[in-house]
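What follows is a short report on a single structure.
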Amino acid sequence: MARIPAGRVATYGAIAAAAHASGARQVGYALHGLGPHSKVPWHRVLNARGLISLPGAAGALQRRRLESEGVRFSGRGAVDLARFGWVAPQSE
DNA sequence: CGGTTGACTTTCC
DNA sequence: AGGAAAGCCAACC
């Protein structure tokens, strides 16, 4: 996840596959455990629809951070994964 | 040790 | 096309 370049986003499922995680939910659970103080770019992680799955103020913070990195949001607050979606480089 | 939960995804209706 | 249901697996109580 830390290898995700700025201005790009990745889905939970993609990270799970790249990180050999057991499932997309576990990725989200791990992020929940990290906390907002972690230096991991957790804000670049979105769900399969390109939407922010994180409710509350943290979600608003995430969107703001992504916009700061150049990620453009669609009218419904969704990110175009076809453009900003990050593909894991054969990370064994 | 077991039932519930969750920052998810996919399929079926 | 939009909502409900099921699948998934580790953490929590």
Side-chain angles (χ1 to χ4, degrees):
Chain A
M1 182 187 304
R3 300 192 289 202
I4 303 175
R8 295 267 179 92
V9 296
T11 67
Y12 291 91
I15 292 173
H20 291 182
S22 308
R25 304 199 71 139
Q26 279 57 259
V27 175
Y29 202 97
L31 264 57
H32 179 86
L34 287 176
H37 299 283
S38 178
K39 33 266 160 254
V40 180
W42 55 269
H43 56 269
R44 299 189 191 140
V45 185
L46 301 174
N47 63 22
R49 292 184 186 169
L51 293 169
I52 295 176
S53 302
L54 176 57
L61 171 65
Q62 179 175 14
R63 174 168 177 168
R64 197 181 57 192
R65 276 191 168 182
L66 288 174
E67 290 179 323
S68 279
E69 295 189 349
V71 177
R72 301 196 278 172
F73 283 76
S74 305
R76 297 209 307 281
V79 176
D80 188 348
L81 295 178
R83 255 193 292 277
F84 299 102
W86 174 72
V87 283
Q90 34 125 334
S91 22
E92 31 91 34

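Note that this is a predicted model, so its numbers are computed, not measured. Every chain is numbered from 1 and lettered A, B, ... according to where its sequence line falls, protein lines coming before strand lines.
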Exercise. Identify whether any heavy atom of A:G13 sits under 4.0 Å from a base atom; if not, whether one sits that close to sugar-phosphate; answer base, sugar-phosphate or nothing.
Key: sugar-phosphate

Quiz item: Only one of A:L66, A:V71, A:L46 forms a side-chain contact (heavy atoms from CB on, under 4.5 Å) with A:F84, so which one is it?
Solution: A:V71

Practice problem: Report the nucleotide, chosen from B:dG6, B:dA7, C:dA10, that has the shortest atom-to-atom distance to any side-chain atom of A:S22. | Solution: C:dA10

Quiz item: What integer distance in Å separates A:H20:NE2 from C:dA10:C1'?
Solution: 18 Å

Quiz item: Taking atom P of C:dC12 as reference, at what distance in whole Å does atom CD of A:Q26 sit?
Solution: 12 Å

Quiz item: How close or far is atom C1' of C:dC9 from atom NE2 of A:H32, stated in whole angstroms?
Solution: 16 Å

Quiz prompt | Polar pair under 3.5 Å, donor/acceptor by atom type, side chain A:Y12, base B:dA7 | solution = yes

Practice problem: Please report, rounded to the nearest Å, how far the C1' atom of B:dG6 is from the CD1 atom of A:I52. | Solution: 18 Å

Quiz item: So does A:R8 have more than 12 non-hydrogen atoms from other groups sitting under 6.0 Å from CZ?
Solution: no

Quiz item: For DNA chain C, whose closest nucleotide is more 5', that of A:Y29 or that of A:R25?
Solution: A:R25

Quiz item: How long is the line joining CG of A:L31 and P of B:dA7, in whole Å?
Solution: 11 Å

Quiz item: In whole angstroms, how far is the P atom of B:dT10 from the CG atom of A:L51?
Solution: 14 Å

Quiz item: Should A:R63 and A:E67 count as an ion pair when the cut-off is N to O under 4.0 Å?
Solution: yes

Quiz item: Under 4.5 Å between any side-chain heavy atoms of A:L54 and A:L31, yes or no?
Solution: no

Self-check item: Interatomic distance, A:L54 CG vs B:dG6 P [rounded to whole Å]
Solution: 14 Å

Quiz item: In whole Å, what is the span from the CG atom of A:L34 to the C1' atom of B:dG6?
Solution: 15 Å

